[in-house]
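Everything below concerns the one structure shown next.
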Amino acid sequence: MAASLQALQRGHQLPYEATLNLHTGSVMPALGLGTWQLKHHTAATVLQALEAGYQMIDTSADYHTQRGIGEALGEFDGDREDIFIITKIEETDDAYEATHRNLAELRIDYADLVLIHRPPENGVGEALWQGLRRARRDGLTRDIGVSNYTIEQIEELVYLTGELPVVNQVEWTPFGHSPRMLDFCIDNGIVIQAWSPLTRGNRLNDDKLAAMAARYGRTPAQLLIRWNLQLGVVPLPKANHSNHMRENLQVFDFEISPQDMAKLRALNEHFSALGRLQYL
Ligand SMILES: NC(=O)c1ccc[n+]([C@@H]2O[C@H](COP(=O)([O-])OP(=O)(O)OC[C@H]3O[C@@H](n4cnc5c(N)ncnc54)[C@H](OP(=O)(O)O)[C@@H]3O)[C@@H](O)[C@H]2O)c1
């Protein structure tokens with residue numbers, strides 16, 4: 001993966017890879033299902049996603065979807081080991097205890113990845129990080145990372161703890177992203193996960209995006225997801241509707257040209273579906 005990312009830095013196209021290697025050696029699927037506000041019929045919807053081929057599920061205690069995800073995993077006719085579960089702890093939590101609570105809600109023995117949901121008001125979450133390290137040491141999670149951190153906050157966390165997070169999960173679309181954050185993460189072997197990769201539906205009707213999608217015979221949502229895959233960024237689109245869910249998986253059989261990748265990057269206006277890109 002590192003070689004591919006270096007090629008990306010030189011402006012070359014990434015060959016599509018269905019998984020990424022984290023700097024700890026763990027393997028993470030390149031695409032996952034978001035579950036924020038997937039509160040109704042969560043278990044049935046997540047089970048449908050697993051059966052459709054999703055191998056990664058993103059959640060957090062404050063999404064109130066963990067119990068439904070746990071139920072779906074219990075009913076799924078496949079191996080827990082083959083599904084990558086991401087959950088998060090809040091900035092006011094005791095990280096170790098909160099990880100335990102998350103696992104109990106999810107009814108699983110370990111998470112694949114636990115993230116600090118957002119940096120705390122004071123400091124950069126050193127105590128949270130130490131709690132997550134303990135959770136990892138005790139086998140409660142395979143990997144640990146952060147979400148909504150700026151470059152400076154990650155640097156400070158690394159300075160204080162001597163360890164790089166494997167992931168920074170941030171809001172990320174062609175309309176709102178940070179080339180500086182991408183460069184920083186590539187240089188340091190941190191994977192960016194894209195939250196709200198479909199702009200929460202706000203920009204799917206954008207004229208330029210829609211025209212380009214039509215040229216590829218794809219939907220705007222598929223183009224947004226594919227753009228992330230080719231950047232080496234891991235999109236986590238949320239879909240309640242099964243047609244959306246299936247559509248969002250049909251992104252592995254076409255390639256956006258380097259020229260169109262650049263045109264999509266040029267749409268950047270620091271758009272945020274929630275008001276402000278928190279990591280700038
Ligand atoms: N770490 C953080 O702080 C943070 C913050 C926000 C989100 N997240 C994570 O990121 C995930 C995704 O973000 P999000 O849920 O905010 O927004 P999103 O994935 O950008 O957009 C979800 C919306 O897009 C619609 N949609 C899905 N597929 C579509 C398609 N093919 N065509 C048209 N519309 C489509 C969905 O409709 P239906 O549901 O009706 O199908 C839903 O209304 C979250 O669920 C959560 O797991 C993390």
Side-chain angles (χ1 to χ4, degrees), residues 29 31-42 44-46 48-49 52 54 56-66 68-69 84-91 93 102 106 111-120 125 128 144-150 153 165-177 181 191-206 209-210 213-214 216-228 233-251 271-280:
L31 167 68
L33 181 77
T35 67
W36 182 31
Q37 296 179 337
L38 203 142
K39 273 192 277 188
H40 304 295
H41 313 295
T42 309
T45 309
V46 172
Q48 201 170 32
Y54 282 85
M56 181 158 67
I57 310 288
D58 178 68
T59 187
S60 172
D62 66 352
Y63 296 175
H64 305 291
T65 55
Q66 296 197 125
I69 293 168
F84 195 103
I85 302 290
I86 310 163
T87 187
K88 311 182 188 87
I89 51 112
E90 304 306 309
E91 56 273 35
D93 279 336
N102 286 344
L106 285 159
D112 294 276
L113 177 62
V114 181
L115 306 178
I116 301 176
H117 206 155
R118 50 189 83 76
L128 294 169
I144 58 180
V146 297
S147 178
N148 300 308
Y149 271 54
T150 63
Q153 286 166 332
V166 291
V167 156
N168 189 19
Q169 187 182 114
V170 293
E171 185 172 7
W172 192 271
T173 66
F175 302 100
H177 64 278
M181 175 64 82
V191 173
I192 294 178
Q193 290 184 333
W195 62 254
S196 299
L198 305 180
T199 69
R200 297 182 62 74
N202 284 291
R203 303 301 292 269
L204 293 179
N205 292 326
D206 177 89
L209 174 68
Y216 282 90
R218 300 292 164 149
T219 65
Q222 287 173 321
L223 213 63
L224 293 180
I225 293 169
R226 180 74 205 180
W227 177 79
N228 271 322
V233 171
V234 172
L236 302 167
K238 172 254 183 187
N240 255 308
H241 290 95
S242 56
N243 57 328
H244 286 161
M245 201 186 279
R246 281 195 302 273
E247 184 181 309
N248 298 345
L249 274 185
Q250 305 301 314
V251 288
F271 167 83
S272 165
L274 296 184
R276 181 176 76 84
L277 287 185
Q278 296 166 20
Y279 56 89
L280 288 186

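Owing to the predicted nature of the structure, the values given are computational and were not obtained by experimental measurement. Numbering starts at 1 and runs along the sequence shown. Each ligand, and each atom within it, is numbered from 1 in the order the structure gives. For the numbers below, each heavy atom of this structure counts, side chains included, while hydrogens, waters and symmetry mates do not.
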Quiz item: Of the options I225, N248, V234, which is the one that meets L31 in a side-chain contact (heavy atoms from CB on, under 4.5 Å)?
Solution: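 Between L31 and the candidates, side-chain contact (heavy atoms from CB on, under 4.5 Å) is satisfied uniquely by I225.
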Self-check item: Within the 4.0 Å heavy-atom sphere of ligand 1, strictly under, residues
Solution: G34, T35, W36, D58, Y63, K88, H117, S147, N148, Q169, W195, S196, P197, L198, T199, R200, L204, A221, L236, P237, K238, A239, N240, H241, H244, E247, N248
Self-check item: Residues in side-chain hydrogen bond (donor to acceptor under 3.5 Å, both in side chains) contact with R118, at least two apart in sequence or another chain
Solution: E90, E91
Practice problem: State, yes or no, whether a side-chain contact exists between V233 and H177 at a heavy-atom distance under 4.5 Å. | Solution: no
Quiz item: Is any side-chain heavy atom of T45 closer than 4.5 Å to a side-chain heavy atom of M245?
Solution: yes
For residues 195-203, tabulate all N or O donor-acceptor pairs below 3.5 Å that involve a side-chain atom, not counting sequence neighbours.
{"unit_1": "W195", "atom_1": "NE1", "unit_2": "N148", "atom_2": "OD1", "d": "2.9"}
{"unit_1": "T199", "atom_1": "OG1", "unit_2": "N202", "atom_2": "N", "d": "3.2"}
{"unit_1": "T199", "atom_1": "OG1", "unit_2": "R203", "atom_2": "N", "d": "2.9"}
{"unit_1": "R200", "atom_1": "NH2", "unit_2": "Q37", "atom_2": "OE1", "d": "2.8"}
{"unit_1": "N202", "atom_1": "ND2", "unit_2": "T199", "atom_2": "O", "d": "2.9"}
{"unit_1": "R203", "atom_1": "NH1", "unit_2": "E269", "atom_2": "OE2", "d": "2.8"}

Quiz item: Who are the salt bridge (Lys or Arg N to Asp or Glu O under 4.0 Å) partners of K238, not counting sequence neighbours?
Solution: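 Salt bridge (Lys or Arg N to Asp or Glu O under 4.0 Å) check on K238 returns nothing, list empty.
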